[in-house]
Amino acid sequence: MAEFNEKDYKSFFAEFEKAYNEYENKVKERRARGIHDYNIFDVLETKEVKHSKFIASLLDPKGLHYQGDLFLREFINACGISDFGLDASNALVYREYKNIDIYITDGDKHIIIENKLWTSDHDEQVARYIRIIIGEIGEQNEDSLSEIYERILVLYLTPSDDVIKKLDGIDEVKNDSLIIDNNEIAFKHISYKKEIIEWLCRVKDEITNLMDLTAIISQYEKAVKILTNQGERMANDIVKEQIRSNYELCAAIYDNFKSVEIELTNNFFEKVYSELNNNLEIQDNWKLSFNKFENKNICVIEITPEELKYNKYVRFVVERKTNEILYGFLKNNEEIKLKDMNIQAQYYDWYLAGDFAFESMTPKDFILKNIENENSVEEYINRILSDIKKGKDKLKEINNKINGD
């Protein structure tokens, strides 16, 4: 690879800025002509919540769309699960039923829909939901356990149709079934890219005379296409061409990208640590430590209760991984089994859940959110102080429970 000097880089970035400005001008022109990317679904809540809510609202035969079981029937057809035998005309649809994203039942058959956008499966979610439904069915009748398992279908919804090889808490994932507790349960992986788009197209064909409802579904269809990279977002061809024309130089920039990313996040957390270290609340009640990230998982910020006398405990951390920055209350020892002690936990039983703050972000998203904001260090510190203050008493109870006190 050729060696590039300062002049090469400055020239490239000047050309790149010119190209990007040209692109921005074209975007403004398109917007002035009424061509835009605005979509009502882009401004509603978090991604998984808004998608689950909208899908459930359409699937519900008693929904405000007043189309009865039409949308549910078309969903069943689009997903290719007609042979499962759910009676759409008698079905009830629930959102967040005992934390299940979407739960559908006709009283005899049961469909669990787990909606996964950009988060991975964790905390034995699917396994836990299956056991919840198994338990409820078992309380209502005297069928054998194998017969009960036959009446449940799990639909695992993701953006694309990549093969699902493993689910937390599931013994084995097959193409059309799951093995759990030595029992087999019907399973199908569906995607926004295929089944959801097909379903929306089917639905629109059925309601062409209902213009207001068609418009809403078309908006949602557009949101799904953008989600799965099938949308008609304004193409950034000018910038792409600039990269193609300067590929070797861009490759040199790319080679240094990770080190700059690490430097930016380390500098940010060092500032956070410095400010926290001068805070009286921290000085009086907590032990504070800071570690730089160097391509190895580490707690860059660690705040432990001052009076803590145990070797096994939970404390507040900001944990830096290669592709993830975690914020929350983390146990310090894998021997601590939080769920076994009926303590709400998440992220593979490592972080406290429930009333305790938790966040997971990619380094890129973290930098874009925080580095350019001149008030971000102060805001981040205030957030930490607020979260440890709210969790202080409960954290003490949990640490006592972990150690049998």
Side-chain angles (χ1 to χ4, degrees), residues 44-60 62-63 72 75 79 86 91-107 109-140 148-149 151-159 164 166-171 173 178 180-181 183 185-192 196 314 326-331 337-360 387 390-391 394 398:
L44 296 177
E45 307 183 64
T46 60
K47 282 187 172 68
E48 282 187 3
V49 171
K50 73 184 179 187
H51 284 281
S52 294
K53 272 190 172 182
F54 186 70
I55 291 171
S57 72
L58 286 185
L59 293 177
D60 187 358
K62 297 180 180 179
L72 179 55
F75 178 81
C79 292
L86 182 97
L92 297 175
V93 177
Y94 299 92
R95 238 306 273 147
E96 285 296 329
Y97 178 80
K98 298 192 175 180
N99 293 321
I100 300 171
D101 289 329
I102 302 173
Y103 170 53
I104 308 170
T105 180
D106 61 5
K109 297 296 179 73
H110 308 264
I111 297 177
I112 296 168
I113 302 179
E114 177 63 7
N115 186 12
K116 286 293 179 191
L117 284 177
W118 309 122
T119 58
S120 59
D121 180 69
H122 56 86
D123 297 330
E124 300 186 356
Q125 287 176 303
V126 172
R128 193 153 32 90
Y129 302 152
I130 291 171
R131 291 187 181 109
I132 287 171
I133 301 305
I134 289 291
E136 293 190 352
I137 299 174
E139 290 177 359
Q140 297 167 8
I148 293 174
Y149 274 94
R151 289 155 55 189
I152 298 176
L153 165 66
V154 174
L155 295 179
Y156 198 79
L157 174 59
T158 62
I164 304 296
K166 185 178 180 182
L167 292 174
D168 194 29
I170 299 296
D171 300 326
V173 178
L178 303 175
I180 177 172
D181 302 333
N183 290 283
I185 194 165
F187 170 77
K188 183 160 188 179
H189 176 208
I190 60 174
S191 70
Y192 282 93
I196 295 299
V314 175
L326 300 164
Y327 173 109
F329 292 80
L330 172 71
K331 67 185 184 183
K337 307 299 181 185
L338 296 172
K339 291 178 183 177
D340 291 350
M341 291 182 281
N342 293 319
I343 297 172
Q344 285 185 283
Q346 58 192 316
Y347 203 84
Y348 307 101
D349 201 49
W350 279 96
Y351 279 83
L352 294 181
D355 296 331
F356 291 91
F358 177 79
E359 179 181 75
S360 170
D387 287 335
K390 284 189 292 186
K394 186 68 175 177
I398 288 173

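To the nearest 0.5 Å, the span separating CD on Gln344 from CD1 on Ile398 amounts to 9.0 Å. The distance from atom CZ of Arg151 to atom NZ of Lys109, rounded to the nearest 0.5 Å, is 8.5 Å. Distance check, rounded to the nearest 0.5 Å: CG of Leu155 to CD1 of Ile113 gives 5.0 Å. With rounding to the nearest 0.5 Å, the separation of OH in Tyr351 from CD in Gln346 is 9.5 Å.
Between Leu157 and Ile55 the shortest heavy-atom distance is CD2-CD1, 4.0 Å. Residues Ile152 and Ile133 come closest through the heavy atom pair CD1-CG2, 3.8 Å. The shortest non-hydrogen separation linking Pro159 to Ser191 is O-CB, 3.7 Å. The minimum heavy-atom distance between Asp168 and Tyr348, with the atom names listed, is OD2-CD2, 4.1 Å. Closest heavy-atom contact between Ala127 and Gly169: CB-O, 3.6 Å. Taking every heavy atom of both residues into account, Leu167 and Phe187 meet most closely at CD1-CE1, 4.2 Å.
Using a 4.5 Å heavy-atom threshold, the side chains of Leu72 and Leu86 count as touching. Taking 4.5 Å as the limit, every side-chain heavy atom of Ile111 sits out of range of all side-chain heavy atoms of Thr105. At a threshold of 4.5 Å between non-hydrogen side-chain atoms, the residues Ile100 and Arg95 do not count as touching. Between Leu326 and Tyr347 the shortest side-chain heavy-atom distance falls below 4.5 Å. In this structure, Ile104 and Leu92 have side chains that are not in contact, with every pair of non-hydrogen atoms separated by 4.5 Å or more. At a threshold of 4.5 Å between non-hydrogen side-chain atoms, the residues Lys98 and Glu136 count as touching. Between Asp355 and Lys394, the closest side-chain pair of non-hydrogen atoms is not below 4.5 Å. In this structure, Ile112 and Leu153 have side chains that are not in contact, with every pair of non-hydrogen atoms separated by 4.5 Å or more.
Lys166 places no side-chain N or O within 3.5 Å of a backbone atom of Asp171 that could act as its donor or acceptor partner.
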Practice task
Could you walk me through whether Tyr327 and Asp387 pass the side-chain hydrogen bond (donor to acceptor under 3.5 Å, both in side chains) test, one step at a time?
Solution key: CA-CA 10 Å; Tyr327 173 109; Asp387 287 335; 2.6 Å; yes

Practice task
Might you work through the side-chain contact (heavy atoms from CB on, under 4.5 Å) test for Val126 and Tyr156, ending with a clear yes or no?
Solution key: CA-CA 9 Å; Val126 172; Tyr156 198 79; 3.9 Å; yes

Exercise for the section: Carefully, step by step, assess Ile102 and Glu114 under the rule side-chain contact (heavy atoms from CB on, under 4.5 Å). Expected result: CA-CA 7 Å; Ile102 302 173; Glu114 177 63 7; over 6 Å; no

Exercise for the section: Start with the C-alpha gap between Ile130 and Leu178, add the side-chain angles, then the distance that decides, and say whether side-chain contact (heavy atoms from CB on, under 4.5 Å) holds. Expected result: CA-CA 10 Å; Ile130 291 171; Leu178 303 175; 4.1 Å; yes

Practice task
Evaluate the criterion side-chain contact (heavy atoms from CB on, under 4.5 Å) for residue pair Tyr149 and Ile134; output intermediate values, then yes/no.
Solution key: CA-CA 7 Å; Tyr149 274 94; Ile134 289 291; 3.9 Å; yes

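For Asp181, the salt bridge (charged side-chain N to carboxylate O under 4.0 Å, His left out) criterion is met by Arg131, not counting sequence neighbours. Residues passing the side-chain contact (heavy atoms from CB on, under 4.5 Å) test with Asn99, sequence neighbours excluded: Glu96, Tyr129.
A salt bridge between Glu124 and Lys339 is absent, with no side-chain N of the basic residue lying under 4.0 Å from a carboxylate O of the acidic one. The existence of a salt bridge linking Asp101 and Lys116 is excluded, since no basic side-chain nitrogen approaches an acidic carboxylate oxygen closer than 4.0 Å.
Taking the six-membered ring where tryptophan is involved, the planes of Tyr192 and His51 are perpendicular, since the angle between them exceeds 60° and thus also 30°.
A side-chain donor from one of Asn115 and Ser52 sits under 3.5 Å from a side-chain acceptor of the other.
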